[in-house]
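This report concerns only the one structure given below.
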Amino acid sequence: MKIFVLTGAGVSAESGLGTFRDKSGTGLWARFDPMKLATPEAFARDPAAVHEFYNFRRRNLLSAAPNAAHSALARLQRELPGRGGAMTLVTQNIDDLHERGGADAVVHMHGELLKARCAACGAIHAQRDDLSTESVCPSCGREGTLRPHVVWFGETPLFMDEIFAALAEATHFVSIGTSGSVYPAAGFVSEARARGAHTCEINLEPSDNAAVFDEKRYGAASDVVPAWVDALLSG
Ligand code: OAD
């Protein structure tokens, strides 16, 4: 069994990080305009506002803790090899809650909030403090060149070759806590299905892609993911 797991904001919702889109209209993108805060053009126009947005999210992340869904996925990743299987964990989330829940080899296709990248020299560093237009790159010493190491709208997600290689080999594809509305991640299920993988959606409610999944499990990730992992490992 080779399982490809794709996670989204819903897996971290119960850790207090919030989602981008939800039916109650309280998601991050209902309160903040992504075109003013999450594009390269927005950063060029108003870097201080973009820094402030990510500083707020970074501080929020540093006070959050992983939930039962993160630890259940870490357990699955740890135990599958002993049973002749393997799991690839790809997340759209920029938080580090999978890692803090015990997972390793997490593929962060939209980057990582606790890292900064220098636009001048390309160096990537750990970043736990706030960033500003006066921040200095520890590698090249230039001022004002650091940006959050995250993928913005209009930029290409990271690790796409590695992701498509894992999708091609997957016997099972599981999508957890994602609305299925942002590509290319939203297209992974069809790719896996076309290559014969069994597909399963775990979400609070049917996603935009619900029709494409063979199996659906609805409810809060902290309940449904541990139950799904228990069933899989005891089967
Ligand atoms: P969304 O906010 O679009 O979707 C989150 C999904 O999680 C929704 O379908 C919710 O119903 C579900 N959900 C909420 N709480 C849940 C819970 N407790 N248990 C299970 N499911 C729950 O987030 P993503 O799909 O991750 O990209 O968004 C994809 C990308 O859009 C993000 O990576 C981000 C955003 O714009 C960039 O910033 C580039």
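Every number for a ligand or one of its atoms is a count from 1 in the order of the listing.
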Exercise. In terms of heavy-atom contacts, does NZ of K216 have more than 12 from other residues, nucleotides or ligands at under 6.0 Å?
Worked result: yes
For this session: Scan for ring pair (Phe, Tyr, Trp, His ring centres under 6.0 Å) pairs involving residues 209-235, sequence neighbours excluded, and state none if there are none.
Result: none
Exercise. Using a 4.0 angstrom limit on heavy atoms, which residues are close to ligand 1?
Worked result: G8, A9, G10, A13, E14, T19, F20, R21, W29, Q92, H110, V151, F153, G177, T178, S179, V182, N203, L204, E205, G219, A220, A221
For a quick test of your reading: what N or O donor-acceptor pairs under 3.5 Å do the side chains of residues 89-96 make, sequence neighbours left out?
unit_1: T91; atom_1: OG1; unit_2: T7; atom_2: OG1; d: 2.7
unit_1: T91; atom_1: OG1; unit_2: N93; atom_2: N; d: 2.9
unit_1: Q92; atom_1: NE2; unit_2: T7; atom_2: O; d: 3.4
unit_1: Q92; atom_1: NE2; unit_2: T178; atom_2: OG1; d: 3.0
unit_1: N93; atom_1: OD1; unit_2: A9; atom_2: N; d: 3.0
unit_1: N93; atom_1: ND2; unit_2: G8; atom_2: O; d: 3.0
unit_1: D95; atom_1: OD1; unit_2: L97; atom_2: N; d: 2.9
unit_1: D95; atom_1: OD2; unit_2: S12; atom_2: OG; d: 2.8
unit_1: D96; atom_1: OD1; unit_2: R100; atom_2: NE; d: 3.1
unit_1: D96; atom_1: OD1; unit_2: R100; atom_2: NH2; d: 3.1
unit_1: D96; atom_1: OD2; unit_2: R100; atom_2: NE; d: 3.3

For this session: Step through it carefully: locate the ring centre of F188, locate the ring centre of F173, and say whether they are under 6.0 Å apart.
Result: no
Problem set entry | Salt bridge present between R195 and E191 (N-O < 4.0 angstrom) | yes
Exercise. For S71, which residues count as a side chain to side chain contact (heavy atoms under 4.5 Å, CB included) partner, sequence neighbours excluded?
Worked result: none
